[in-house]
Amino acid sequence: MKKLIGITAISLVMVVSGCKTTTPLKNTAYDIAPPAPYGALPNEAQLRWHEMDMYAFVHFTVNTFTNKEWGYGDEDPAIFNPSAFDADQIVAAIKSAGLTGVILTCKHHDGFCLWPTKTTEHNISQSPWKNGKGDMVKEFADACKKEGLKFGVYLSPWDRNNKNYGTQEYVNIYREQYRELLTQYGPVFETWHDGANGGDGYYDGARESRKIDRSTYYNWPVTWQMEKDLQPGAVVMSDVGPDVRWVGTESGFAGDPCWATYTPHGENGNSTPAPGLSKYEEGLNGTRNGKFWIPAETNFSIRPGWFYHKSEDNQVKTPQQLMDHYFASVGVGTSMLLNVPPDQRGLVNEIDAGSLKEFGALLEEMYSVNYAEGATVKADDIRNTGKEYAPENVLDNDPYTYWGTKDNVTASSIELDLKTTSTFNVIRLRENIKLGQRIDDWAVDIWESGKWVTVQKGTAIGRCRLIRSNELLTTSKVRVRITKGAASICLSDIALFKEPARLTIPAIERDKSGNVSISTSPQVFDIRYTVDGTDPELSSAHYVQPFALPEGGVVKARAFNNKGRRSDAGSRTLGIVKTGWTIANKKLEKVIDDEDKTNVMMPLKAFQELAPDGITVDMGHDVKIRAFTYLPAKNYPAKGLINKYKFYTSENGKTWEEQKEGEFSNIKANPVEQRVDLLTPVTARYFRFVPVDVIPAYDTSTDVGIAELGVIQ
Ligand code: FUL
């Protein structure tokens, strides 16, 4: 900063002394003016947000107790009673992963407020927790303060409880709720707004569907301005900004490139995508030279759902999976927003806590040694000989000091001589984003057997680019080539790290006759497995050859090497094998062919004509059905998603009993396999699945799409 002031002082002296120069300051060896910023730029709040890199989401409300993803709004506050709630434990578990903040679902779509708001009675004071005297938002905010994490709030715009939803009165209430949250709990780093809006709900007993016009109803510019006025340091996040945008998927993998600049098409989520792109693709990649600095946030959950469900204890993301997400989010310049849902006790479950801690340990080990430290650096071009543009600035770990080139030099290279031979597999690059996103294409080379060998090429750097090599790289020299840019280069960081070795997670497959095989590559590891859902240890069954498991179960397997290192556990919940199953309507056979890749896809109307009673399956013998599963067709962007269903069983194929009717909440944003547990297990030979309603796809088609239907016993 001092240096910049120095330069400004020189320019000032020239101005006040009336000194006139005919030689432009730019593009000469004596060029001392700082490079002009390029394109859209981050504001102060965004810079502080970028520096956080990764933080947590905490989804916790009545849904945790009803086992749902979306509450209807008629939940009795009496059910909200965590037995051992401990915000310190939750925040500490989050911190152990290296996350730097927490965004709490202060109110989800069901409308239940986790703080004693004056705006509605449907809040925590009506619950038995702490005899109605508790304030969970405060407990989280305080725990964050104690642990040194930042605090953020998610307040769902859609409120399925509020009687005024759909009128201006509700918008006023919503704003008042924000006012309370932003004035009573200290500094907030982010306000989070989702795009799920309007539909059926309780609405204080009306039990009806209320549609709103997303683009006008909330009048977002007014609300966002109010939020910024109350918390100038906070970034405002929604599908389309204004400060941070949704990455367009809940899978936890951002696009590559993922530009921080973005031109939303239309406002407030009501966007018309650019020609040839869906809205989601726009969020995934951003817009090169976009009008605004609206970087992406990659949000995903450590579990399949956003809320805790015991049935998903087997599907908690492993430390290595979290590493993959880290590279695919932070590693392309977005932030990583990892959801950690507390269980019914009000604690981060031991399984999730274990994963988080190990993930944090992997990152710590990776970042413990920077093999670029102490290197000598030279560049093909330097803006001038002043220290502020020196190539060595890429080594000082400061994201805003940089190696700078002359104004007309948008492609150049920089070389690190490590002085000794080092082994690493991660290369980190950063740009000084205060001056915009300037670099387009880059390549990284290493010196190998007397010549340069390219490790990777790519597009876009921005806040952070992590290049992850599958092979270990052993070399004494590294070269970064910027091959295309929109303005002179301002590269702030080149760092070299070694990611801890990983053993491949065993893959678990079952063939159509029910034989399970487990494989890992290379095939030299010892594989141990369990079929009862417990964690496989070295003492568990030794996998030698395929084994029969026609009735299904939870198979878990780990690879071990002879040095005692273990892989993450591979896990698969298998339904019963579908051999011998028949379907009433042969045209729908693909939904029971045990092939995830084949599917039924047809307009809902045509489907209802073809199968007016739904899909009827004869399993050939009695099965004790605990749950059924629906795997949506694998299309991107998603198509054919069923959101409402009915499920029946029958002992004789003639008389039917309805077992379940409901919605696949949040399937649009997260189209993974849906599992629905029956209230109690039911023994039956036949089942019937009825798609009642579907979600219109991005191309407005209203198809029923089904890859597989299954049964878990
Ligand atoms: C979505 C919601 O519908 C989900 O339930 C979840 O809260 C996710 C983070 O945002 O819009």
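Note that the structure is a prediction, hence the values are computed from the model and not measured. For ligands, and for the atoms within them, numbers begin at 1 and follow the listed sequence.
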Practice problem: Starting from atom 1 (C) of ligand 1, find the nearest protein heavy-atom neighbour and note its residue, name and distance. | Solution: E250 OE2, 3.9 Å

Self-check item: Worked check of side chain to side chain donor-acceptor pair (under 3.5 Å) between R175 and T223
Solution: CA-CA 6 Å; R175 289 191 184 137; T223 310; 2.8 Å; yes

Practice problem: Give the atoms of ligand 1, by number and element, whose distance to some non-hydrogen atom of D194 is under 4.0 Å. | Solution: 11 (O)

Quiz item: Short list, please: which atoms of ligand 1 are under 4.0 Å from a heavy atom of W70?
Solution: 2 (C), 3 (O), 4 (C), 5 (O)

Quiz item: In Å and rounded to the nearest 0.5 Å, what is the NZ to OH distance from K668 to Y698?
Solution: 13.0 Å

Quiz prompt | Aromatic contact, F189 with W49 (centres under 6.0 Å) | solution = no

Quiz item: Between Y630 and F664, what is the ring plane arrangement, given parallel below 30°, perpendicular above 60°, and tilted in between?
Solution: tilted

Exercise. With heavy atoms of N666 as the reference, note each atom of ligand 1 found under 4.0 Å away.
Key: 3 (O), 4 (C)

Practice problem: For ligand 1, note which part of F300 has a heavy atom under 4.0 Å away: side chain, backbone, both or neither. | Solution: neither

Quiz item: Taking the inter-plane angle between the rings of Y645 and F689 on a 0 to 90° scale, is it parallel (under 30°), tilted (30 to 60°) or perpendicular (over 60°)?
Solution: parallel

Quiz item: Counting both backbone and side chain atoms, is some N or O of W306 under 3.5 Å from an N or O of ligand 1?
Solution: no

Practice problem: Name the closest protein heavy atom to atom 2 (C) of ligand 1, giving the residue it belongs to and the distance to 0.1 Å. | Solution: H109 NE2, 3.4 Å

Quiz item: Which of parallel (below 30°), tilted (30 to 60°) and perpendicular (above 60°) describes F80 and F112?
Solution: tilted

Practice problem: Establish, yes or no, whether a centroid distance under 6.0 Å links the rings of Y170 and Y165. | Solution: yes

Quiz item: Looking only at protein heavy atoms, which one is nearest to atom 7 (O) of ligand 1, and how far off is it?
Solution: H59 NE2, 2.7 Å

Quiz item: For ligand 1, is there an N or O atom under 3.5 Å from any N or O atom of N299?
Solution: no

Quiz prompt | Subset of ligand 1 atoms that lie under 4.0 Å from at least one heavy atom of F57 | solution = 9 (C)

